[in-house]
Student: 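Questions regarding the structure given below will be posed in turn.
Note on naming: letters A, B, ... go to the chains in the order of the sequence lines (proteins, then strands), and numbering restarts at 1 for each one. Every value quoted in this text rests on a predicted model; they were computed, and no experiment measured them.
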Amino acid sequence: MKPAIPKGMRDFSPSEMVKRQYIFETIKKVYNRFGYQPIETPAMENTETLLGKYGDEGDKLLFRVLDNGNPLNQITSAELAARFGASLFDSAAFVNHISGKGLRYDLTVPFARYVVMHQNDITFPFKRYQIQPVWRADRPQKGRYREFYQCDADVIGSNSLLNEFELIQMIDEVFTALGLKVLIQLNNRKILQGIAEYIGETEKIIEITVAIDKLDKIGLDQVNNELRSKGISETAIEKLQPVIQLKGTTTEKINALKNILAQSPVGLKGIEELTYIFDLLQQLPLQSAQYELELTLARGLNYYTGAIIEVKVNDLRTDFSSSVLGGGRYDDLTGIFGLPNVSGVGISFGADRIYDVLNALNLFPENVAATTKLLFVNFGSNEEKYCLQLLGKIRKLGITAELFPEAAKMKKQMGYADAKKIPFVAIIGDEEIKSQTITLKNMTTGMQDKVDFETLVQQLS
RNA sequence: GUGGUUGUAGCUCAGUUGGUUAGAGCGCCUGAUUGUGGUUCAGGAGGUCGUGGGUUCGAGCCCCAUCUUCCACCCCA
């Protein structure tokens with residue numbers, strides 16, 4: 001049979017893995033330094049944990065896993081025939097009947113489930129990070145994969161806005177370390193709700209936010225058309241115009257919003273929250289990340305209730321427009337799992353997109369590919385044993401070294417070192433063993449020398 | 001889910017209006033060089049032309065279906 005992998009999923013070769021690990025390590029280090037602790041959850045969750053958490057669109061994108069055994073055995077053939085034959089055959093119910101679990105769609109919902117299940121062992125506020133793949137049955141395209149890694153950090157059990165601030169600091173730390181210029185866009189769901197109230201369409205907040213989220217992409221006219229098609233009244237749309245077109249500095253925008261939302265307690269609360277965060281950012285400036293208030297930022301996920309965070313690449317050398325991070329606050333995510341009134345706030349780096357951007361911009365450091373430093377040529381069993389001793393010593397000193405596993409032709413062994421870009425080769429035969437020396441060849445210059453062990457170590461470190 | 005696009009050697013790609021035995025570059029293997037890679041030279045292996053149907057005397061090329069690639073929409077990291 002012909003080897004293949006499922007649509008939208010990828011293999012990663014060594015040259016890619018060293019770069020990927022560099023990203024993961026950078027993020028992990030920052031998370032650790034801020035006191036976040038790692039957890040992992042299983043690739044699969046029960047269907048009922050997943051369903052209904054990401055909206056109708058999200059439900060469609062869930063990978064469903066067929067029950068083990070033959071789930072159809074549980075249905076009698078008569079029943080099946082009746083269901084299939086009936087015009088009202090409920091395919092969704094049928095799928096649920098034969099599939100009790102699915103691949104996780106994100107890390108936030110499994111985390112909420114985790115928190116509820118382990119609430120007695122957790123000290124709140126609980127700061128956790130989680131770096132694992134998630135799966136979405138989306139059509140693959142630029143910056144979009146069916147299997148990709150999210151790098152989440154969340155704080156659960158604290159309402160303090162200091163958490164939002166800390167998350168923003170971590171975003172800055174990570175992208176500064178990676179050398180990537182980014183723009184952190186901030187918004188607040190409460191402000192969006194206030195705007196919906198202000199224009200008299202409180203019920204349509206989701207439709208409104210989804211539409212205005214596209215302002216950048218499709219322009220004002222198209223946004224208004226979409227609002228109309230969602231049944232928003234003309235007067236509401238008219239009232240909305242000056243709001244979504246607000247220009248100026250963050251302070252100017254906020255001042256304008258204070259007037260507009262003066263009658264909306266929720267809206268004012270949102271402004272207060274944002275102001276608090278912006279004040280902190282002013283007192284303790286970020287290292288390299290830019291930030292702004294972006295009123296059209298909505299995010300699709302239903303569960304955000306406060307802060308909304310999104311990060312975009314801010315480098316003219318690339319037109320990569322997808323977000324490389326998303327996040328926000330969700331006041332009652334654990335409620336549906338039976339633990340009400342616990343607030344959480346978190347962020348999620350999209351590692352695969354960050355990889356694509358760093359690669360396009362050539363921002364991976366040269367030395368990420370820290371490969372083998374020294375290869376011992378293998379001449380046979382006697383020489384092998386001798387080399388193994390030296391190899392052990394070298395590795396103890398922290399130098400990456402290997403012995404070619406068979407006494408192949410010299411050409412083959414040298415070719416291996418060359419292909420693997422190993423900078424030094426140690427050639428040890430009878431002669432060298434007798435004289436207690438090592439013939440050390442520098443593969444870049446092509447020069448070689450007889451040296452003792454100390455000199456060898458010196459050359460390699 | 002909607003619209004478009006792609007598939008020929010390990011990789012990148014040629015392949016004429018449908019016509020004999022499907023090519024190139026790179027890579028790989030062997031040798032020139034039995035303790036010396038990257039350069040050079042000589043030779044060699046490697047293809048169900050994504051898959052399944054159809055049209056035709058004849059299909060890599062035309063038609064249909066399907067899978068895959070990439071892109072846009074929806075949505076999103």
Student: Atom CE of A:M410 to atom P of B:G37: distance rounded to whole Å?
Tutor: 8 Å
Student: Counting side-chain heavy atoms from CB outward, which of B:U30, B:G37, B:U36 is closest to A:K409?
Tutor: B:U30
Student: So which nucleotide does B:C26 pair with, by the Watson-Crick or G-U wobble rule with both distances under 3.5 Å?
Tutor: B:G10
Student: For a quick check of understanding: with a heavy-atom distance under 4.0 Å over all strands, which category does A:E226 fall into, base, sugar-phosphate or nothing?
Tutor: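 Nothing, no nucleic acid heavy atom in range.
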Student: Which part of the nucleic acid, if any, lies within reach of A:G429 when heavy atoms closer than 4.0 Å are counted: base, sugar-phosphate only, or nothing?
Tutor: base
Student: Check this for me: does the side-chain of A:D418 come within 3.5 Å of the base of B:G38 through a donor and an acceptor?
Tutor: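 Check fails, no donor-acceptor contact within cut-off.
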Student: Please give, in whole Å, the distance from B:C75 P to A:K53 NZ?
Tutor: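 After rounding, the gap between these two atoms is 21 Å.
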Student: For the pair made of NZ in A:K411 and C1' in B:A32, what is the distance, rounded to whole Å?
Tutor: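 Nearest whole value for this atom pair: 9 Å.
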Student: In whole angstrom, give the distance that lies between atom CG of A:D319 and atom P of B:C71.
Tutor: 11 Å
Student: So A:Q413, base contact, sugar-phosphate only, or nothing? Heavy-atom distance under 4.0 Å.
Tutor: nothing
Student: Which part of the nucleic acid does A:G58 contact within heavy-atom distance under 4.0 Å: base, sugar-phosphate only, or nothing?
Tutor: nothing
Student: Would you classify A:L325 as touching base, sugar-phosphate or nothing, given that sugar-phosphate means primed atoms plus P, OP1 and OP2, and contacts are heavy atoms under 4.0 Å?
Tutor: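 The residue A:L325 makes sugar-phosphate contact but no base contact.
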Student: Is A:F148 stacked on the base of B:A77, meaning ring centres closer than 5.5 Å and planes within 30 degrees of each other?
Tutor: yes
Student: Does A:K412 place a side-chain N or O at less than 4.0 Å from the phosphate oxygens OP1/OP2 of B:U34?
Tutor: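 It does not, given that no N or O in the side chain of A:K412 lies less than 4.0 Å from OP1 or OP2 of B:U34.
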Student: Using whole Å, what does the distance between atom P of nucleotide B:A77 and atom CZ of A:R139 come to?
Tutor: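 Whole-Å distance recorded here is 20 Å.
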Student: A:T439 and A:Q448: side-chain donor and acceptor closer than 3.5 Å?
Tutor: no
Student: Counting side-chain heavy atoms from CB outward, which of B:U36, B:U69, B:A77 is closest to A:S323?
Tutor: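 So the side chain of A:S323 is nearest to B:A77.
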Student: So A:T444, base contact, sugar-phosphate only, or nothing? Heavy-atom distance under 4.0 Å.
Tutor: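 The residue A:T444 makes base contact.
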Student: Would you indicate what A:K421 reaches in the nucleic acid, counting non-hydrogen atoms under 4.0 angstrom: base, sugar-phosphate, or nothing?
Tutor: nothing
Student: Quick one: A:L61 CG to B:C73 P, roughly how many Å, whole number?
Tutor: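 Whole-Å distance recorded here is 16 Å.
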Student: Between A:D352 and A:R10, is any pair of side-chain heavy atoms under 4.5 Å apart?
Tutor: yes
Student: Quick one: label A:Y416 by what it contacts on the DNA or RNA (base, sugar-phosphate, nothing), any heavy atom closer than 4.0 Å.
Tutor: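 A:Y416: no heavy atom of the nucleic acid under 4.0 Å.
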Student: If you pin A:K214 and A:K142 to their nearest nucleotides in RNA chain B, which one's is more 5'?
Tutor: A:K142
Student: Contact class for A:K60 vs. all strands (heavy atom < 4.0 Å): base, sugar-phosphate, or nothing?
Tutor: nothing
Student: For A:Y416 and A:F404, take the angle between the two ring planes, folded into 0 to 90°, and tell me which bin it lands in: parallel under 30, tilted 30 to 60, perpendicular over 60.
Tutor: perpendicular
Student: Given that A:R144 and A:T439 both sit by RNA chain B, which one's nearest nucleotide is further toward the 5' end?
Tutor: A:T439
Student: Please determine whether a side-chain nitrogen or oxygen atom of A:Q141 lies at a distance below 4.0 Å from atom OP1 or OP2 of B:A72.
Tutor: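 For A:Q141, the contact criterion (side-chain N or O under 4.0 Å from OP1 or OP2 of B:A72) is met.
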Student: OP1 or OP2 of B:G35 less than 4.0 angstrom from a side-chain nitrogen or oxygen of A:K441, does that happen here?
Tutor: no
Student: In whole angstrom, give the distance that lies between atom CZ of A:R146 and atom C1' of B:C67.
Tutor: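 In whole Å, B:C67 C1' lies 12 Å from A:R146 CZ.
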Student: NA contact type, A:G327, heavy-atom cut-off 4.0 Å: base, sugar-phosphate, or nothing?
Tutor: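 Nothing, no nucleic acid heavy atom in range.
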Student: Using the benzene-type ring in the case of Trp, are the ring centres of A:F175 and A:F349 under 6.0 Å apart?
Tutor: yes
